[in-house]
Number of protein chains: 4
Amino acid sequence: MRSDEMDRPRTFTEEARRAQIMRCAIEALAELGFSGSSLAEIARRAGVSKGVVSYYFAGKDELLGQVLFDVYARAGAAIAERIGHANDPAVVIRGYLEANLSFLAENLADIRAVVEIAANARSPDGSLRFAVPGEDPVLAHLQSLLQAGKDTGRFGEVDSRSMAVLIRGAIDTASGRLVGDPAFDLEAYTRQLVDVVDLALRPAT
Amino acid sequence: MRSDEMDRPRTFTEEARRAQIMRCAIEALAELGFSGSSLAEIARRAGVSKGVVSYYFAGKDELLGQVLFDVYARAGAAIAERIGHANDPAVVIRGYLEANLSFLAENLADIRAVVEIAANARSPDGSLRFAVPGEDPVLAHLQSLLQAGKDTGRFGEVDSRSMAVLIRGAIDTASGRLVGDPAFDLEAYTRQLVDVVDLALRPAT
Amino acid sequence: MRSDEMDRPRTFTEEARRAQIMRCAIEALAELGFSGSSLAEIARRAGVSKGVVSYYFAGKDELLGQVLFDVYARAGAAIAERIGHANDPAVVIRGYLEANLSFLAENLADIRAVVEIAANARSPDGSLRFAVPGEDPVLAHLQSLLQAGKDTGRFGEVDSRSMAVLIRGAIDTASGRLVGDPAFDLEAYTRQLVDVVDLALRPAT
Amino acid sequence: MRSDEMDRPRTFTEEARRAQIMRCAIEALAELGFSGSSLAEIARRAGVSKGVVSYYFAGKDELLGQVLFDVYARAGAAIAERIGHANDPAVVIRGYLEANLSFLAENLADIRAVVEIAANARSPDGSLRFAVPGEDPVLAHLQSLLQAGKDTGRFGEVDSRSMAVLIRGAIDTASGRLVGDPAFDLEAYTRQLVDVVDLALRPAT
DNA sequence: CATGAATGAGCGTTCATTCAT
DNA sequence: TATGAATGAACGCTCATTCAT
C-alpha cells in the first residue's frame, strides 16, 4: 500500500484509517506517555493488529511525525483565525493568549501527545527526532508579535525575547495543570495572564 | 542487601556509592534523556557493573525517586537560604525568582534530570510514577508567599493561585531555554521576570 | 482460482501473467538475492498488487518451483540442441561444455535466480525445498555422456562419476565469476576447460 | 559485558560460551540454512535463552562474522601446514588439493555454514555483508601457486587465472556432494582431481 | 560487596498468506 | 480478475531484573 507506492494519492478509507490510528496514538500518548505508547498499545486501542499500523504508516516515526504536524497545523489555524483581523498589537497579543489557552483546554490530549513526542522521540544517534535545528518557530512568532507592538510604540520597552519566553512558559504550563489539578481554573488563569501581560507591555506613562 | 533490611542505617561507603550512582544517573538523564538512561548506561558511567545499581537501589524506580528527592531538597534549601531573612513579601518574591533561576542555571543537569524523571517515569499501570497525589507542594509554597503579600496589603488583588502557576511556568521554561538555545540570556530573563511580577503584584494606586 | 481447480487448463492470458511474474521474480532474485525477493518486491516489479502473485501461484513455493523448472527446461533444450547431432563423444562433451557456459553467460539472471532458489528455498522442516530426493539428473546425464565415451573406447579410463562432478563444479562456478568479477574472461575459461577435459579424457597412448 | 566494554580481554568462560554459541550457529546454518538460523534457533540449540546470544555477541553480524573468520583461519592453517615445506610446485598443488578436500570432508558443517553466511548475509543496503571488495583472496592465492609453477617452467602454458577458477569450482562443488549424495566417493574424487590437474599443468613435451 | 551470567518480556519491523469486495 | 486490507508469526534487539559465586 502506501509504503510501497509513494506517489499514489491516498483514498478516503485510507485517510480514515490513518486518522483513526493517529487518534488512538494521541490517546495512548496522553494517557500512558511516550514509552507506554507502543505500536501494540496503539493497535490495541484501534482494535486492529500491530501490522496494520505498519501498513498505514512507513514506521513509528512517520506516525508520530504526522501527529506532530497535524496538531501543530490545527493549533496554528485556530490561533491565526482568532487574531486574524486584529490590528492593534495589544488586541493581537490578547487574542494570542486566549486562543492558545482555549485550544489547549479543548485539545488537551493532542497537546499532551505533542509534548510527549517532541520531548522523547529520538533518532538512532540519540538526538531529539523532531527538534527544529535553528530558531524555535513558535517562540519566534510570538517574539515578532511583541516586537511589532514595540515598533509602533503601542508597547513599552520590554525585552521582547524574554517576554516571549515568559509567555510561552506561562501558556505551556497550563496543560500540566489541566491534567490532574481539578482545582485549576482556566478562565481565571487566562484573565490573570492577559492582565499581567497587558500590564507588562503597557508603555511607561 | 539494603533493600532487604529496611531498618539498618546506611554506612558511609554505602551512601557514597549511592551518591556516585545518582550523580551518574543525573548526567545520563541530562545528556541522553529518559529512554537513553538505561541501568547499563548509568553503570557504565559509574564504572561499575549493572548489578551494583540493583544492589544499592531496590530498583530503577528507587534510584530515580531518590534523584528526584535529592534535587528537590537541594533546590528547596538553596531557595530557603536566599529568602530566609526577608520580611517584605516583595523582597521575598524577588528572592524566590532569583534563587530559582540561579539554581536552575547552576544545576542545569540536575534540573534536566528531574524534568526527565517527573515527566517520563511511569508505574506499570501507565500513570506518572512520581506525581504527588494531592496538592503540588512547590506550587502551594509559592502561592502561600503570594497570599502573604496580599494579606499584608503589600500586593494588589491578584489571583494568587493563577499567579503561582504563571510564575512556575515562567521559571520552569527557563531550563528548556538554557539547553539548546545559546542565545538565551538568563540575566535579562531574570530581570524581565522580576519586573513583570513586580508590576503585576503592585497594589492599585 | 487456479490452485483450486487443478484440472482446468490455463488460458493464454493466465500463462502470460504467470510468465511476467516469473520474469520479475528472476530479476529480483538475481539482483537482491533470495531474502530480498519478497512477494511485495516481485509484485512491485510486475506493477501489480501482492495479491496477484498469490492468485496466479498457489504460494511462493510454487512460483519459485516454476522458475526453477522453466530455467532448467530452457537450459536443457539449449544444450540438447547444441549437441543433438554429434556422434563423437569428444565432440559431444565439447559441445556440452560450450553450450553450458554460453547459456550461463546469456542467461545470467536466470542462472543466478536458480542458484538462489535451489540453495535457499526450504521446507518448514528446514530441508532444502527443491532438492531432488534421488540421483541428481543433471549429474547423471553428464555421467552418461562420459560413460558412453568410455564404452566406445573414445575416452580413457577415467572415473566417470568423479569427472562428472568435477566438470559440473567447473561449470557452476562460472556464474559466480560472471557476476562481480569484471576481470573474468569467459572465452578463455571455456577454452581452458575444454582443453583440460579433453586432456583428461584422452585415452592413454 | 563484552558489548559494553570493548577493550577488556575475554575470560576463559566467556570464550567457551562464545565458542559453544558459534558451534550451535554452525550446526544450525549447516542443517537449516541461513534463513532458518535465527538467534532463537541458535539459542535453542545452545540450551540458553535468546538474550544470551546478544549478550556474548554485539549482534548477529558479529556472530556470523566470527564464524566466518574462525573457519577461514582454521582452513588456512590446515592447508598451510599441509603444503608448508614443499618446494616443487606440482607437489604444492597436489597438497593444496588434498588439504582442501580433506578439510572439507572433516569440517563439512563448518564449510556449509561459511557458504551460507557468505552467500546470504546482507548489509541493510542489500549488498553482501561479507564480500571482500577487491580480488577474491582465496582465488588469488591459488592463482599465485599456479603462476609460480609456470614461472619456474614446472608447469605448462596454462591460463593460471582460468585454472584457478576451475580448480576452486571443482573443490567447492565437493561439499555439495558430501551432503546428500551418499554415493559420493571423496577419495576417488580427490585422486581424479589430482590427476586431472596434474595432466593439465604438465608442460608440453 | 561486587560481578558476570542469564532470563523473559517487550520493542519496532517484515512478510507470506487470506479474504471480502 | 485484481485489489487493498488485515493478520499473525517470526525476526533481531534492548532492558530491568535476578542470582550464584
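Remember, predicted model here, so these are calculated numbers, not experimental data.
With a cut-off of 3.5 Å on both pairing distances, the Watson-Crick or G-U wobble partner of F/dT21 is E/dA2.
Remark: C1' of E/dG10 and CZ of A/F34 are 15 Å apart, rounded to the nearest angstrom. Atom-to-atom, CD of D/E41 to P of F/dA9 comes out at 18 Å; the value is rounded to the nearest Å. In this structure, the CZ atom of D/F12 is 16 Å from the C1' atom of E/dA5, given to the nearest Å. Going from atom OH of C/Y56 over to atom C1' of F/dT3 covers 12 Å, rounded to whole Å. Separating the CZ atom of A/R10 from the P atom of F/dT3 is a distance of 20 Å, rounded to the nearest angstrom. Rounded to an integer number of Å, the gap from CD1 of A/I21 to C1' of F/dA6 is 11 Å. Note: CZ (D/R18) to P (E/dA5) measures 12 Å, nearest angstrom. Look at OH on D/Y55: it is 16 Å from P on E/dG8, rounded to the nearest Å.
Comparing F/dA5, E/dT3, E/dA5 by their nearest atom to the side chain of A/E14 picks out F/dA5. When distances run from any side-chain atom of A/S49 to the nucleotides F/dG8, E/dT3, F/dG4, the shortest one goes to F/dG8.
A donor-acceptor pair shorter than 3.5 Å can be found between the side chains of D/R17 and D/Q20.
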Any protein N or O atoms within reach of nucleotides 15-19 of chain F? Criterion: under 3.5 Å, listing atom names and distances.
unit_1: F/dA16; atom_1: OP1; unit_2: B/K60; atom_2: NZ; d: 2.6
unit_1: F/dA16; atom_1: OP2; unit_2: B/L39; atom_2: N; d: 2.8
unit_1: F/dT17; atom_1: OP2; unit_2: B/K60; atom_2: N; d: 3.0
unit_1: F/dT17; atom_1: O4; unit_2: B/K50; atom_2: NZ; d: 3.2

| message | Walk me through whether B/R18 and B/E14 qualify under salt bridge (charged side-chain N to carboxylate O under 4.0 Å, His left out). | response | CA-CA 6 Å; B/R18 283 173 65 96; B/E14 254 171 14; over 6 Å; no

| field | salt bridge (charged side-chain N to carboxylate O under 4.0 Å, His left out) assessment of A/E41 paired with A/K50 | value | CA-CA 8 Å; A/E41 172 63 22; A/K50 238 180 2 166; over 6 Å; no

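Applying the 6.0 Å contact sphere to OH of C/Y72 captures no more than 12 heavy atoms from other residues, nucleotides or ligands.
You'll find the side chain of C/L64 reaches within 4.5 Å of the side chain of C/L29, heavy atoms only.
A salt bridge links A/E116 to B/R122: at least one charged side-chain nitrogen sits closer than 4.0 Å to a carboxylate oxygen. Taking a cutoff of 4.0 Å between a charged side-chain nitrogen and a carboxylate oxygen, A/E27 and A/R112 do not qualify as a salt bridge.
Here A/V53 lies out of heavy-atom contact (under 4.0 Å) with every strand.
Under 4.0 angstrom from either OP1 or OP2 of F/dG4 there lies no side-chain N or O belonging to A/R17.
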